[in-house]
Amino acid sequence: MNKQMIIAGLKARPVRTTVSILAVALEVVLILVVVGLTTGISDETGRRTEGVGADILLQPPNSSLFLALSNTTMPIALRDKVRELPGIKAVSPVQTLVNSSSGLEIIYGIEPDTFNAVSNGFIWHRGRLFNSPDEVVVDDIYAKSKGVTVGDSVELLNHKFKVSGIVEHGKGARLFVSLKTAQEMTGQNGKASMFFIKLDDPDRVETTIAEIKRLLEGYGVIPLREYARLMMSNNMPALDAFISSVVFIALCIGVLVIFLSMYTTITERTREIGILRSLGASKKFIVTLIFQESAAICGVGALIGIGSSFVIARTIMAVFPTLTVLITPDWIGKAVVFAVLSGIIGSLYPSLKAAKQDPVEALAYE
Amino acid sequence: MKSLLETADLRKTYTVGKIEIEALRGVDLRIREGELVAVMGPSGCGKSTLMHVLGAMTKPTAGKVFIDGQEISGMSDSELTGIRRDKIGFVFQKFNLLPTLTARGNIEIARYIHGKGVASNGHDQHLREILQLLMIEGKMERKPSELSGGEQQRVAIARAVANKPAILLADEPTGSLDSKNSEVVLNMFRELNRRFKQTIILVTHNPELVAFTDRLIEMRDGVIVSDNDSLSWDTENELAQPARSV
Ligand SMILES: Nc1ncnc2c1ncn2[C@@H]1O[C@H](COP(=O)(O)OP(=O)(O)OP(=O)(O)O)[C@@H](O)[C@H]1O
Ligand SMILES: [Mg+2]
């Protein structure tokens with residue numbers, strides 16, 4: 001019976017119902033797409049970093065796992081110390097550059113020999129390695145999204161580079177220049193932002209990490225296999241704050257719209273509420289009715305929001321191949337909880353106000 | 001004969017700002033089961049206020065009100081709600097129906113509130129008879145906006161009596177109807193009273209209504225000034241009262 005009444009009530013005000021549903025859908029989309037983009041990008045960065053294929057990642061003290069945020073460096077000479085440890089197959093220093101003029105592109109400055117030794121080499125689509133300071137190797141996704149091919153030039157960090165080759169994606173960055181070029185561009189001669197370390201025996205990761213930690217106190221040493229997991233779970237307070245703000249803003253949108261919708265609903269329906277009360281409907285009945293109505297709006301809004309988020313995610317990934325939108329079941333659940341929460345918070349005051357209305361006064365209202 | 005409604009020195013005062021309006025200034029009233037009573041009086045004399053108190057819609061400022069034996073002046077909001085749900089049927093002057101629901105929906109919501117939607121077969125039989133009597137069986141799928149004023153009032157009456165309330169209160173139920181429709185609706189109140197022995201209290205401005213009712217109460221300035229109650233309240237004589245024509 002309630003259901004019938006709620007549906008009738010919602011249908012009687014189609015514009016308001018639609019707008020409220022869309023606002024809740026927007027709330028859900030905002031949460032899922034923004035969170036999906038940030039987690040998608042970090043997840044993808046994490047996977048790509050793991051894809052280098054080394055066993056251990058060594059970073060200077062106070063550096064961030066989120067490589068783009070880090071500009072700490074360490075002397076390349078440290079490599080010799082590390083290499084003296086038992087069971088080390090190769091150590092490859094990498095200087096990262098961040099090109100933020102169009103999105104957030106990470107560029108690896110690499111030593112081809114050692115990088116190939118830790119990563120088992122690139123899979124080449126076309127062209128060859130850089131052999132001059134103004135040449136760059138790009139991955140296939142970058143090439144496709146920017147529409148560049150071997151011989152074309154690209155502008156990175158105010159430098160003009162010529163694309164010398166295209167490689168299969170998945171090995172750390174999408175763009176590679178020589179270590180020397182990277183060092184010159186950052187003014188960090190003889191330094192690197194991280195070392196990728198490959199072991200003879202991958203089972204010795206834990207032991208070797210302990211040895212490196214003893215050797216280089218305060219340095220960041222992690223198994224590369226766990227990089228993505230570690231990166232997602234900590235060291236990103238800035239990202240957490242960003243996500244929290246977006247969720248908070250989305251929640252506010254939901255709460256305000258539901259509040260306004262329910263508030264105007266009960267003012268418009270003062271008389272109806274009076275009739276129900278005169279028929280013997282309890283205060284609880286009225287409160288429940290209003291909560292159920294907002295639950296219906298939030299439920300439909302959440303469903304539409306989830307559906308639209310997937311469509312938007314696909315569109316984003318189709319238009320911008322370098323971006324990844326990761327919509328996880330975890331966050332779908334959270335987005336639904338936030339939608340419901342905005343329904344509850346938004347209906348709280350209107351429903352109590354409705355229930356408090358004196359039936360006689362409500363009936364006198366026209 | 002059992003007294004279904006009883007008031008003793010009933011008073012109701014509204015306070016608007018610093019002004020106190022005494023809408024009811026000592027009303028003593030007894031209504032028997034099965035009576036059809038008309039309440040008349042000039043505008044502002046307190047008729048609606050009396051109906052609201054008798055219908056447990058609001059509490060008296062002073063005095064006592066017994067509804068089917070229960071005294072309501074000390075009751076909480078939820079107890080009053082229970083009285084309305086279980087004992088009272090209300091018909092107002094206009095805008096009685098929930099506009100988003102059909103006629104059927106309006107009746108069903110009342111039954112749902114009354115008994116959580118579980119209707120016995122006997123109940124359905126009762127409802128069918130009422131709909132027949134009110135001649136609205138064919139209009140049940142219509143929304144209030146698709147019904148005439150008279151039909152809307154008949155749906156409101158059906159809803160008010162669907163749960164077999166002890167008392168049916170109607171505050172100027174024909175106030176917004178033309179004379180032809182008024183007569184139809186008033187006839188139906190009388191039929192309900194005769195056929196189902198429904199106790200009814202009607203507020204009206206319509207002098208013709210007097211012909212329809214057993215008893216006429218006239219009010220002025222918040223008190224009862226005349227009551228043509230022909231029957232004695234002497235309890236010893238109750239059984240000796242002639243059975244009223246049905
Ligand atoms: N909610 C209220 N607040 C303040 N005063 C009120 C309120 N309701 C009624 N009154 C006053 O109480 C008195 C009685 O009002 P009531 O509505 O009972 O009269 P009535 O006999 O039904 O009149 P009418 O025939 O015009 O419907 C009037 O003076 C009215 O102004
Ligand atoms: Mg009145």
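This is a predicted model, so every value here is computed, not measured. Protein chains get the first letters and strands the later ones, always in sequence-line order, with residue 1 at the start of each.
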Asks: Do you know the tightest heavy-atom contact between A:P359 and B:M57?
Replies: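 Closest heavy-atom pair between A:P359 and B:M57: CG-O, 4.0 Å.
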
Asks: Taking side chain to side chain donor-acceptor pair (under 3.5 Å) as the cut-off, I'd like each qualifying pair that reaches into residues 281-293 of chain A, sequence neighbours left out, listed once.
Replies: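 Non-adjacent pairs meeting side chain to side chain donor-acceptor pair (under 3.5 Å): A:N2-A:Q292, A:R269-A:E293.
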
Asks: Let me know if B:I83 has heavy atoms under 4.5 Å from chain A in its side chain, its backbone, both or neither.
Replies: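 B:I83 has no heavy atom closer than 4.5 Å to chain A.
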
Asks: Can you run down the side chain to side chain donor-acceptor pair (under 3.5 Å) pairs that involve residues 336-350 of chain A, sequence neighbours left out, and say none if there aren't any?
Replies: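 Residue pairs passing side chain to side chain donor-acceptor pair (under 3.5 Å), neighbours aside: A:E27-A:S342, A:S294-A:S347.
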
Asks: Checking heavy atoms, do the side chain of A:L276, its backbone, both or neither come under 4.5 Å from chain B?
Replies: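 Both parts, heavy atoms under 4.5 Å.
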
Asks: Taking all heavy atoms of B:A23 and all of B:Y14, pick out the closest pair and write down the distance.
Replies: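 Smallest interatomic distance, heavy atoms only, reads CB-CE1, 3.6 Å.
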
Asks: Could you tell me which portion of B:D86 (side chain, backbone, both or neither) has an atom closer than 4.5 angstrom to a non-hydrogen atom of chain A?
Replies: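 No part of it gets close to chain A.
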
